[in-house]
Structures are given as structure tokens and as C-alpha cells.
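Scroll down for the structure; my scribbles are underneath it.
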Protein chains: 2
Amino acid sequence: MPNFSINIIPDHKQVTANEKESLYHAMVVAGIPLKASCGGKGTCSDCKVLVREGKVESLTTGMLTEEEQKQGYMLACQCFAQSNLVVEVPEESKLTEHRIVLSNNPAGGSIAQNGDERIGILEEEPERAGEGPDIPLFKRLFLKVPEPSLDDMEDDIGRVIRVIRKETGVELLRPTLNVLLTLPNILRQAGWKVTVSLAEGKGYKSVEITGVEPGHIEQKYYGLAVDIGTTTVVAKLVDLESGQTVGIKGTYNKQAVYGDDVITRIIHTNEYPDGLRELRKVVVETINELIEDLAKEQRIKQTDIRTVVCAGNTTMTHLFLGLDPTYIRLEPYTPVVNNIPAVRASRAGLNVYPMAWVQCITGVASYMGGDVTAGVLVSGMAFAEELTLFVDIGTNGEMVLGNKEWLISCACSAGPAFEGGGIRHGMRAMRGAIEKVRISPGGAKVTCCTIGNVPPTGICGSGLIDCVAWLYKSGIIDRSGNFVSDVKSPRIRDSAEGKEFVLVWSEKAGRFTDITISEAEIKNLIRSKAAVYAGIRSMLQMVGLPVEAIDRVVIAGGFGRYINIRDAIDIGMFPDIPLEKYSYVGNSSVKGAKLALLSKKARDMLEEIAKKMTYLELSIGNTFMDEFVSALFIPHTDLGLFPTMQKR
Amino acid sequence: MPNFSINIIPDHKQVTANEKESLYHAMVVAGIPLKASCGGKGTCSDCKVLVREGKVESLTTGMLTEEEQKQGYMLACQCFAQSNLVVEVPEESKLTEHRIVLSNNPAGGSIAQNGDERIGILEEEPERAGEGPDIPLFKRLFLKVPEPSLDDMEDDIGRVIRVIRKETGVELLRPTLNVLLTLPNILRQAGWKVTVSLAEGKGYKSVEITGVEPGHIEQKYYGLAVDIGTTTVVAKLVDLESGQTVGIKGTYNKQAVYGDDVITRIIHTNEYPDGLRELRKVVVETINELIEDLAKEQRIKQTDIRTVVCAGNTTMTHLFLGLDPTYIRLEPYTPVVNNIPAVRASRAGLNVYPMAWVQCITGVASYMGGDVTAGVLVSGMAFAEELTLFVDIGTNGEMVLGNKEWLISCACSAGPAFEGGGIRHGMRAMRGAIEKVRISPGGAKVTCCTIGNVPPTGICGSGLIDCVAWLYKSGIIDRSGNFVSDVKSPRIRDSAEGKEFVLVWSEKAGRFTDITISEAEIKNLIRSKAAVYAGIRSMLQMVGLPVEAIDRVVIAGGFGRYINIRDAIDIGMFPDIPLEKYSYVGNSSVKGAKLALLSKKARDMLEEIAKKMTYLELSIGNTFMDEFVSALFIPHTDLGLFPTMQKR
Ligand code: FES
Ligand SMILES: [Mg+2]
Ligand SMILES: [Mg+2]
């Protein structure tokens, strides 16, 4: 088969492909970041390209509009080269490579006044979380070891262990052979004043003594807390002595080119013999780039990072370690492992101190991962009297309900709408995204606020929620999400895909087309919000409690950062309880990972949470489906559940 | 410097040496086994050779007799080549390479009727040793894992762990990443019927799940119990399923060419930059040869050996793992480590399954190693009401006194006499060694029995004890070990080294000279026996108990196999209590290692024993020296301590 040469513009990268390999695949393999929510199945239309020169065969035009087809757009995943090509990748198809810059104290904070304090305490002073020894996963300790004498002839390592026990309260300690090989001379040359290194690895009940160095070593040592999100990977560099976060960086998970959601990625591992290896490779690369950036920024050696804690959903941790995720997707949805013992960094492929332990926070089920366990820890709910609802919304919605007595959790497939996926003008919550919408009655006036206050290029999840809430409140759509036929407005129009509403005219937009939302998209969003609400109600049903019993709602995740809770309640996504009961916890996954780095007590709590948390599989029985169908209205079939809306 | 070529006869091996390298060193490096109790210091005269051709420079003739010097004998360790040479190594200077063949049920057994039963029970049925789970250090287990369903969605490894827990009672389990990588497919392809491998490593509190294989694996798997003795290394191959010893082999520790006792070997590591590495290398080689032999004999793959337990004195375990033994020898005698965590076989250098855990039984002090901990376990004394004295005599005498309430231990430098060292005609307890001596009053008739019933070539430890006992009982020597001047016998004569007694005339001997024992050698032996007795008495003093309080004496070690207890009591080496209280336990070091292979209970007991056992350093205070001086008589200054002798 001939290999055709493809020139990718405007970046002028060269790629080769034969006639059996889609342009999308050729570009992904060559490391050219292309959007592809569906993972190359021809159903998301993310991978639009323009073939400027040469001949291609296209299997389907998929979701491309007539307009787009006329302009020459094609789906890269459906195109096969028949000659050498020049292919243009338009801005909107590029998977932005630009790093997400996260402030040390990320914006967001508490939405309402109430409820955030506990979180703050847990984050900043982990040692207050409980009694007993509280040591980081890696620790250097300066020791004055008592010299041996005929009255005290204990062995060298025994003397060291004795002092470590006294200083840390850690009972079970285990030296490496390397430490024993140098120990006697170091002790004596250093006049029995040494610095020991202690490393704890999950699953290993004894703490490892990994180093003994002469004298008082002042060199700093760091831990890395990583949130391996399906979309975004965020890493915090933590000074393990002070407990301070000294650097934080985020970037898109490079796996995104293989599909937006975990299911698409799992399918990729099944369809390509090398699929699992590829996915593992790119997520490890993603983390390694963050490590490199953090180390450069802080001017530290990467090998000064001595321990790593990752929090991620179950698919992410499987892919990170190369574990087969196949059965996560297949009924009865059993992962290989929820509680993964620590592995060495060299084995995990992370470019930190090679013998550093890398651990993943324990998850509960295939769709309830360690990121949620971490979130529950950070929320403080597992040790509180109040009944708390924890909500982390992304492509999957994960929800946990409970208090110090019990915890129940469930996951619902919210679909990609909240992440801006599956919506023609949807986008992630980034610069240029409409994150706030206000519509006057009848649609006479529409106000849109964008992230970064720049001309809008699309609409993100929180904007979509606002949009639906205000289309309804302004009387443009009805409770089912249909456009009300007697409302006339130039913004309401017919298109090839049915009725749509123009949010921003192209003149005002940061792009060449109008920014619209269609009736189908509105219904799509209603299904998403219904899934979330039905999940919450299913858990309440399970424990026989009404919505009003919820004392506190903690919202986590990137999506929650911009969300307007009032609007989310108004469309019937969240329970209609007083606004001040809501709070926003930020990226609780990486926060929990940081706590695990620093505190034994936190690590014990994480294990306790994972053990205590029951998982409610929503596909069993009819409760969820009944709740879902009832929630397919704005705000709900049962208006009694939404007294605030009812009052208006 | 020119390199001279040396032809070693009668074996015609070629060695090269320059003028700065002793013949001894050149031969050792070339792997030619030469005796050298003193490790090449010129003080033992073991390394006698005959230079047949060429020119050498000799620093000293050391302990060579005039006769030997006349015959042309030289000390290889003191000789330096000045030209090419032909060197003859006489039979008596060769370190016998022939393997010690040990029967599965070694001879010896109980000396008296009493006391051996408990030992038998512990050895053959370790599971009776206590309650609770009792699993070998490595175990294969066939499991029927319950299939997952929507009612039971536990993760794959969780399901496996659940069944292992039920079947073994082991709570803490930790899968390797390798197991997790293949687990989901193996479980499903094998219809949820799998064989798991479980490996326990000392210091790691959780048991490792090291393998999951489809179906019922019937292949056998083995453990290796090793006694790393200073002189001899013995290995038992144990079927871990049945608990049966299927093979046993012993050989000389190849370190013997670097000196007979631990001190000489420690000095070697200090004097040669590569000394520690050499000593480690040769003991690992020694064990690997046993492994190879055992595997060949039993027709198994060496990789079927999945776990190894070593018992040895503290110096031996240090040298085995390459740990610096320097401070074992220097006051206040602190080893690097008494309780060494398990290391992988690949790291230890043993040619078994590379990931097999290799563990050394925990010792107590520099001169109280894991071999004694093992012996105490096998003796059963640590869990008995009766007061037991455990005695393991070699170059060092190790003694433990106690019962289930307390254990006290001490070590005395008995010197090499009991191993046949430092005595001109001394030899180890092997074929041709005089092991029993009877002398009629005045020395008229002397009867000697040899091991193997062949003409005598030397005298071993038990023979020496007999010899001294009967020289005394026949009136030839007095209580101080001096020849009684008015006894006249052709066997008593003067030599260059003073008075000596002819045990065997050369005509009857398996060699060309008379077999004699000199007054100096008798006094040497009296010092040795005095050290043992003084050690025993020092422990009794410590706990304020009289000799008669001892209910049971358990003798361990190769030396104990041939010893005549009556004679040993008569010279004042052992306490004068009824003979039936004495029993012989054989190689309790390897027996204890075997128990550790098979039984968790035994492993726990070993740790408990090591923790419980106090070590009495005899060099502190005056008790031992006073006791020693009082014991420098036959049987003792205080005859009241030896009522049996007093009665005669
Ligand atoms: S005299 Fe040569 S080795 Fe001892
Ligand atoms: Mg997340
Ligand atoms: Mg021994």
C-alpha cells in the first residue's frame, strides 16, 4: 500500500498515511492534537478538517451541516487519503495544548457563605484531622541515635528504629537492604547524627526506611498530588516538610484524542491491539510533562519528588497503570481492582525519584473512583453529623449522600453536555466560553458573559444551564423544552436540524457564525439534568429520606466552578433547598490527594470512606428510570419538589 | 612485576602469582581449596605445602615442626614465588571438597531416652505447634472465585482476596502489579477457577499475591531451609504442600579458605578492599551448589523453589547479604541488623525463583544469631515449664537457659579445639577422626574408635574430650592438665613443644606420624571446656539458680553428634546432672529454618523468642572471669558442683 504524505496546515506538520488509515488516526499517531469526543467514530463532528489539496475518500459526512459540507469540511476520522494531501485543521478542531494555569488558591471558593470552613481546615491543617501520628508518605527526619555501649548493645538498625518510633509513633518499620549496606559506616562517620528517609507505600503495612545519610540534611523533598481527570490532569507540587503547595499545573489529558469519555477510551483499548499501551503511554506523558514543568518552575530536581498520590476515576487509574479496563464497561461492571497497592515510580513510568512509591486513592466501584473518595474526604461529610450531598459533575455525574454513620453513592451518565460536548456550539469552560446567560421575557434582550470577558466563541456547561433556565423563565420554551409556538422573535428560527435560538449574532461573536442552541440540544440538556436529579432522588429513596433532609450540598469539579446554582435548581438539576446550603469545593480530587500525601490520618480516613461507601447501581431495578422520566420536565413532573419555582 | 606460573600437583592445576602475592592467596583466588584455619596469618600451619621445583621466599615457618621443615614443608600463606614453581599440596592440607551426605533422618537422635518427643512433634507436625492459620511462606491455592453479578459487583482482585481469606485466615493480602495485569482475562477464561500463589516476606506485614494461573495447577513447589554454618552449610529441600523434606545436602562453607572462625573472616573483610565481596560471593556459591545438587537429584527446576529461609550466626548472615560485619568484632559488638527483612532471591544471588523471598531468621546479638533462635524453637524450651539449657558448641559456644517465662543467652569463645582446630592432630568430625577414646589406668592400653571405623588420621572434638577425660581418669594427667611426673609409659614423651601423649602409633594410624596430644593442647582444651561451663554458670548466677535447677539439657550442632556426655561432664564441661536429662537435637538450625518455611505459628514463635531472649555479654563484670578461672580444673575447683566425680 502506498504511503501518502500529508501536509497539515497552518502548522506545516508532515504526516504519512496509507489508504486504509483515517486522517484522524494518522494525525493522532503523529501527536497532532485533534478534538474527537467520540474517539473517531464519525458521530461527534469534532474532527472537522478542510482538505485543501489532493484526493480523499470520505465514508460519511456524519453530523456536518449542509453549510459546512458546502465549505468543504470533512470528518478526519472518516477520510482516507487517495493521494498526497494538504489538510487544514481549523482552530475549533484543535485540541488546545495550552496549559491550564491554576492559581494556588483557585478562584471559585464558596458559593454561599456557609459550609466552607471545614474544608479549609482539612486542606490547610491536615494534622488537626485527628489524633495520633500524622506523617507524610515520605519524610526526612534528623536523628540523634544513641551510641552503643556494653550496657546497650542493640543492633545499628534497631537503634535507628527506636528513635524513629519515638519521634513519629510509627511502629512497623522496615529498612531496605541498601540502607543496611551503608548504615554502620554512616552512623559512625557521622557521629551517630543522621538523616533518615521514610517512605510509606499503600498496601505495605510497614513503613520503609529508604535512606540514611550523614548529618542533618536540609535539602527539601516534595510530594506530588495528581488528579487524573478524564479531561484534565492537575498536579500539585507539595513541600512535604511544610505541607505547602509550592506549585500547581494542569493540562488536558492527552488521552482526549482517543475520545472524550471513559467508555470511548475503553473501547479503543479493545479495538486496537496496542490501544491499552497507547492510552497508558499518553497519560503517563501528560503527568510527566506536568512534573517537568513544575520542577523547572520551582527549580528543583525531579528526583526530589519522593512520593506521588494519584486520584482518578476507576478507568483512569486502570489506564494509568496499564490494567485492562474492559470489564468496567461490561455488565456487571467489575473493575480489576479498586484498591491498588503502591508501585514504584520507575514501574509506573513517572519521572520522579525512581524508587518513590506511587499510589492511587482507593475507589469503590467501576464508576465510583478514588477521585470521589478523595472528594468525600475533603468535604468532611464522612465525619459530620449533617446529611451532606456531594456532587461531582463531568461527563459522568458522581454523587454521594451521607454523614458519619453511612455513605451511599451512585453514578449517572450525564452525557457530555455539561462539558460542552454533543452541543454544536458547546465548549469547555475556558476563555471565550459563555458561562452566564440572561434572557428577558420573550427573548427581546439576551445578555451573555464569557470567561475572560472576550467575545464569545461558544458556550460551556454553566452557560447552557443558564440558557435553558432563562429560555424557560422568559417563556420561550415550555416545561418539556419545546419552543413555545406563539412566541415570535428573530432569534428563533428553523434550521436543517430543527428549531434553534440565536444566543449571539455572528457580528458579536468571536467566530464567523451565530452562536445558537437548538431544541434538540435543549432536550439533550434536560436529559442530562434529569439524570443528575434522578440519581440524587434514587439515593434518597434508598435511605427513605426526603429532599429537605439534605443539610448541605458540596459541589466539586471544574464544571462546578462557574455554575449558577439558582439556575441549576430552576431547571430541576439540583434539589430545591436554600442556596446557602450549597458550597463549592473546587478540585477536591487533587485536594484529597494532597491530604493523603501529608497525613496518615487522612490516608486512614480514605480507606475508611472507601470501605464504608456503598454503591448503588442505578441500572438495577426501576427506581432510577421512574425518577429519570419524572425529571424530564423543567423543573420536574412533581412541582411539589420545587417549592421555589412553584411560588413564582 | 613478573607473573610466575605455578603448577599445583598432584592435581596439575595452573596458577599464576607475582612475587608480592602469597602462594596461599594465589591458590584461593584460583579456587584451589586449601585448609587455613587462621585465614593466612601463618599461625595455624594448616596450609602446609611442599615446593618441589623453583625458588620461593618464605617469611616464617610458623608452627612447622623441625621434622616438617626438614622434609621441605612450607606455609603457603608465608611463601612468595621468585620463579616458576611446582608445588605439591599434601592430602592433609586439602580442604575436602567432598560433599557431606546427610541422611533424611540423621543419626544421632536422642542420647538419652527422655526429652526428644517434643522436638519430634515440632519437626514433623508443625501445624500442632499452635492455633490459628498455619501456612507456608509460599503456597499455591486452588480457588473457585464467585462470579460477579449485579448483586455482587466487587472488583476482581477483591473477589479473589475474599476467597483466600476464607481459606487461609490471612487478613492482609497485597497483589503484585503483574498479577493485576493478567487477572481479569485469566479469571474469565478459566471460568473463575484459578490457582493463586501466595508469598510471605519477613518484614512485609501483608502476604503477597504473586501469581494467578488458570485452572488447578498441580505442579509441586518447594522451599529451601538453609543452615549457613561457619564451617558447614546444610540445605533441606522441602515440599511445601506435604511439609516433607525431600532432599538434604551439606557441604563445607567455601569461606573456610579465608579462615576457620568468624573473627578471621571479619578481619579479612577489613584487610582486603574486596574482602567482603569475596566472602559474600563464595558463601552464595556454596548455597547455589547445594541448590543445584538438590534440584538435579530431585529432578525439579531450580525455579520451583519459591522461598528460602536461612539460619546462621550473625556474622554469616551479614556476609551472606554483603553487610559490613566490622562492628560485630569491635566493642561494644553491635551488628548492623538482627532482624533482616526479606530480600528477593535475585538480589541475594540465589539461583531459585528470582522473585522468591529469602529471609534470615532473626538473631539477638552479634554472637547470638538466628541459628540459635531456630534451635531454641526446635528445642521447645521457650514454651515449656521445665528449665532447659540449650547448648550449641562450635568454635563459639552458644548457650540459652530458660523456660516459657524467660530466656537468657550467652556466647563464649570456646576456641577451635572442639572443631579440631589449633590441635596438631585435630580434625573435624569426619571419616577417620578418632571420636571415642578409652585409656586404662597408667596408660597401658589405649582404645580409639574412629568415624567410619577406618585407621585414624586425627582426632575430632568428641575424641579430644574423651582423651582428656580418660587421661585424667587413668591418672596420667592431674586436675590442672599437667602430666603426672611419676607415671611412666612409653606413650608419654618429650617433644620440641613439650610433653605429649601418643594416642596412636604411626603403624596403626592412617598416616605416617604418631597421633599425639601435647600438654599444651590439653590445657587448651581445658580452657575451652572452662569457657563453656563458666558461661552456663554465669547465666545461672544471673537468675540466681543452682545447677540442679536445670531440668533438661538440649545439645545441638555437628559437634554434639559424637560427644560422650559422661566424659564431657567428667572433665567439667557440662553440668553434673543425670544423663537422662540430656538430649541431642541434631542440626536445630536447619530444622528451625524448615519450621519457619512451613508454619506461620513457628515464624511468630521465632520472632517472640528473639524478642524475649536477653543476651548476657560475658565480657562485662567479673562473674564470667571468676567462673572461668574456677573451671580451669578437671572437673572444677569446686568439687561440690560435680558430685558424681566426687563420689568416685
Ligand atoms: S598458617 Fe597458613 S593459613 Fe594458617
Ligand atoms: Mg474529576
Ligand atoms: Mg551451627
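It should be emphasised that the depicted structure is a prediction, and the values quoted were computed from it without experimental measurement. Within every chain, numbering begins at 1; the chains are lettered A, B, ... in the order of the sequence lines, protein sequences first and strands thereafter.
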Inter-residue atom distance Glu617(A).CD - Leu150(B).CG, 0.5 Å rounding
6.5 Å
Note: vs chain A, highest number of non-hydrogen pairs under 4.5 angstrom among Val343(B), Leu180(B), Leu183(B), Leu276(B) is Leu180(B)
Between Glu147(A), Arg159(A), Lys205(A), Arg174(A), which residue shows the highest count of heavy-atom pairs closer than 4.5 Å to chain B?
Arg174(A)
With only heavy atoms counted, which part of Leu323(B) is less than 4.5 Å from chain A, the side chain, the backbone, both or neither?
both
Against chain A, label Pro335(B) side chain, backbone, both or neither, depending on which of its atoms sit under 4.5 Å from a heavy atom there.
both
For Lys281(B), is the NZ atom crowded, meaning more than 12 foreign heavy atoms sit under 6.0 Å from it?
no
Can you tell me which of Gly322(B), Ser619(B), Pro148(B) forms the most heavy-atom pairs within a distance under 4.5 Å of chain A?
Pro148(B)
If you count heavy-atom pairs under 4.5 Å with chain A, which of Asp324(B), Leu177(B), Asp151(B) comes out on top?
Leu177(B)
Select, from Glu154(A), Met153(A), Arg188(A), the one with the greatest count of heavy-atom pairs under 4.5 Å involving chain B.
Arg188(A)
Under a 4.5 Å cut-off applied to non-hydrogen side-chain atoms, are Tyr327(A) and Asn185(B) in contact?
yes
Checking side-chain polar atoms at under 3.5 Å, does Arg347(B) have a donor or acceptor matched by the opposite partner on Asn178(A)?
yes
Please determine, by modelled atom types, if Tyr333(B) and Asp155(A) share a side-chain donor-acceptor pair under 3.5 angstrom.
no
A quick test of your reading: do over 12 heavy atoms of other residues, nucleotides or ligands sit less than 6.0 Å from CZ of Arg277(A)?
no
Top of Ile157(B), Thr314(B), Val337(B) for chain A proximity - count of heavy-atom pairs under 4.5 angstrom
Val337(B)
Could you check whether any side-chain heavy atom of Tyr204(A) comes within less than 4.5 Å of a side-chain heavy atom of Leu172(B), counting everything from C-beta outward?
no
Of all the heavy-atom pairs spanning Ser149(B) and Pro332(A), show the shortest one and how long it is.
C-CB, 3.4 Å
